[in-house]
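Some notes on the structure that comes next.
By convention here, the first residue in the shown sequence is residue 1. In what follows, every heavy atom counts, from backbone to side chain, and hydrogens, waters and symmetry copies are set aside.
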Amino acid sequence: MSPAPTSGSTSSTSPASLVKGGLRSAMSMAERVSSTAAAKVAPARGRTPGEGGTPPVLPVVLDFTLSGYALARAFHERYDLTSVAIVPLHTPAVGDSSLFHEMRVLGHEALTNHQLVMDELVRVAAAHPNLTVIPLTNNDSYVQMLSAQRDSLGANVVVPHESPEMLVRISDKNHFNAVCAEAGVLTPGTAVLDFGAGRPSAAEVTFPFPIIVKPADSALHNKLTMQGKRKLYEIDDFAALEDLIDRLHAAGFSGEMLAQDRIPGDDILSVTIYRARNGEVTLARTSKVLLQDPRPAYLGIPDVQVVQDMPDVVDASVRILETADYYGFANLDAIRDPRDGSVKFFEVNPRYGRNCYYATGSGANIAEQLVTDLVEGRPMAAPALENELVYTVLPPRALQRLLPEGSDRSLVERLVKAGHWADPLKYGGERNPKHKAYAHAAAWHHARAYRGAPRVIGG
């Protein structure tokens, strides 16, 4: 496939929130590491879609982060296909990779004006009328826009997401709890704090502290301007809850916050699952989260996981999707309660999940699910898990220092020693030395964030 002309203006500047954080440092480290790399970068290598048994598919990645690279990597691993990237900014995770034969960099305006990305997707689809275009993203706003505009993106664009109505319903954590109850699946004890009718009372929380407070609608909460805003709030006592309610009310928050029982223990679980159009669940991978990003802006994002077979967790996840009548990829979060061994589910993200590579890396390639179901119309079951796998965005050598002593650390050490580990950014098929340098530098830079930071997993 020959690259089409690149549109928009190219920029190497990161979004402000990332520049102030780790990305700028990781980029500068990568530049230093790659200073001795070959001056010439090998061109993108991949098969021509539709030839030699390769499906006539064009992956288009709308994500300039680790997640975008992982999605492109899945298509390259399975089909040897390279991707087009439509992004606001050039970043080393995507922009310096040989997995992309074309970069369409739109500029800073596209960071907030997401319609620019949709319009560019239309142009890409029009330029390749004989290929099925699959847009790929883990960005919630993009997922919603792709779903809402599916009929205007082009006849050859296949949107791998549910209807806008389903996306809103399943993403709302209050509705998710109702679906779980109907499916016979447990959730943590929950009280709804509704700011729509004014300031709610902390007295509505009747279970013991400490508790977790999080938005029912994350998108609404994300728009809020408030000092100390976090993805979720760990509340130790009644006075702290009153203070949070005061701050949310003063900031004009009008949605619902869920106060939930903070279940003790560290057995946090993640599920990546795919339900095909015929209703069959063709992929299900489960993992235990061992380390989460300690930085406040990324709190709760897993950095290290061990992929393991958990039939009871898969069974509950399938019941949730079937009860909701949900199709496509979903990423669910749960915890195993040490008090009784039960599994309780927190939420579902109606997309692949940022760490979806733990599925691909363990043999359940997500690209194959999309192509066989949405393009070829013959859903294919992913192979069973053969070996447990350590998924990590941190250097394997750092894990012994970062993980506490115990069975989990011993397991990780054994799996890493046996070669059963995967970092989504470190790929043998990558040919660009700048990306390889970035992947190495970014992992070590990320590990430094753990210095002096408390390890927060579970409660």
Side-chain angles (χ1 to χ4, degrees), residues 1-12 34 37-107 110 116-138 142 153-154 156-158 160 357 360 365-368 370-371 375 424-439:
M1 182 189 304
S2 58
T6 301
S7 65
S9 60
T10 301
S11 171
S12 59
S34 63
K40 280 193 171 183
V41 175
R45 178 176 59 188
R47 296 182 182 178
T48 301
E51 295 184 5
T54 304
V57 167
L58 177 62
V60 178
V61 174
L62 316 179
D63 188 334
F64 54 67
T65 69
L66 169 154
S67 170
Y69 186 84
L71 292 167
R73 177 175 173 176
F75 276 86
H76 194 264
E77 281 192 17
R78 175 61 182 85
Y79 299 109
D80 201 22
L81 288 173
T82 55
S83 300
V84 172
I86 302 176
V87 292
L89 305 169
H90 181 286
T91 61
V94 170
D96 292 335
S97 169
S98 64
L99 302 191
F100 298 86
H101 65 264
E102 181 182 352
M103 295 292 300
R104 298 197 174 203
V105 183
L106 306 183
L116 295 176
V117 176
M118 297 298 116
D119 293 343
E120 195 66 27
L121 175 62
V122 171
R123 284 188 278 272
V124 170
H128 301 279
N130 297 323
L131 299 179
T132 298
V133 172
I134 304 180
L136 305 164
T137 184
N138 266 304
Y142 289 166
L153 297 174
N156 60 327
V157 177
V158 173
Y357 190 77
T360 298
N365 189 293
I366 63 171
E368 184 174 57
L370 296 175
V371 171
V375 179
L425 288 176
K426 296 177 180 178
Y427 176 35
E430 176 62 60
R431 304 181 70 197
N432 190 326
K434 291 180 68 176
H435 183 276
K436 292 180 179 181
Y438 166 75

Hey, which of Leu136, Leu121, Val157 is the one that makes side-chain contact (heavy atoms from CB on, under 4.5 Å) with Val60?
Leu121
Using the side chain to side chain contact (heavy atoms under 4.5 Å, CB included) rule, take Leu62 and Met118 through it: C-alpha gap first, then chi angles, then the decisive distance, then the call.
CA-CA 9 Å; Leu62 316 179; Met118 297 298 116; 4.1 Å; yes
Closest approach of [X] and [Y], non-hydrogen atoms and distance?
{"X": "Ser67", "Y": "Asn138", "answer": "OG-ND2, 2.7 Å"}
{"X": "Pro160", "Y": "Ile134", "answer": "CG-CG2, 4.3 Å"}
{"X": "Val133", "Y": "Pro135", "answer": "O-CD, 3.6 Å"}
{"X": "His76", "Y": "Tyr427", "answer": "ND1-OH, 2.8 Å"}
{"X": "Thr360", "Y": "Ile366", "answer": "OG1-N, 3.3 Å"}

Answer yes or no: is there a side-chain heavy-atom contact under 4.5 Å between [X] and [Y]?
{"X": "Val61", "Y": "Phe100", "answer": "yes"}
{"X": "Pro49", "Y": "Leu58", "answer": "no"}
{"X": "Tyr142", "Y": "Val117", "answer": "yes"}
{"X": "Val105", "Y": "Phe64", "answer": "no"}

Nearest-0.5 Å distance that lies between atom [atom1] in [X] and atom [atom2] in [Y]:
{"X": "Leu116", "Y": "Arg104", "atom1": "CG", "atom2": "CZ", "result": "13.5 Å"}
{"X": "Leu89", "Y": "Met103", "atom1": "CG", "atom2": "CE", "result": "10.0 Å"}
{"X": "His128", "Y": "Arg123", "atom1": "NE2", "atom2": "CZ", "result": "13.0 Å"}
{"X": "Leu71", "Y": "Leu99", "atom1": "CG", "atom2": "CG", "result": "11.5 Å"}
{"X": "Thr132", "Y": "Leu370", "atom1": "OG1", "atom2": "CG", "result": "12.0 Å"}
{"X": "Tyr357", "Y": "Glu77", "atom1": "OH", "atom2": "CD", "result": "3.5 Å"}

What is the ring orientation for His435 with Tyr69, classed by angle as parallel under 30°, tilted 30 to 60°, or perpendicular over 60°?
parallel
Sidechain-backbone polar pair: [X] side chain, [Y] backbone, donor-acceptor under 3.5 Å:
{"X": "Asn365", "Y": "Ala74", "result": "yes"}
{"X": "Asn432", "Y": "Ser98", "result": "no"}
{"X": "Ser97", "Y": "Val94", "result": "no"}
{"X": "Arg73", "Y": "Lys426", "result": "yes"}

Between Val371 and Phe75, is a side chain to side chain contact (heavy atoms under 4.5 Å, CB included) present by the stated rule, with each step listed?
CA-CA 9 Å; Val371 171; Phe75 276 86; 3.8 Å; yes
Report the C-alpha distance between Thr54 and Leu81 in whole Å, list the side-chain angles of each, state the deciding distance to 0.1 Å, and finish with yes or no for side chain to side chain contact (heavy atoms under 4.5 Å, CB included).
CA-CA 8 Å; Thr54 304; Leu81 288 173; 3.5 Å; yes
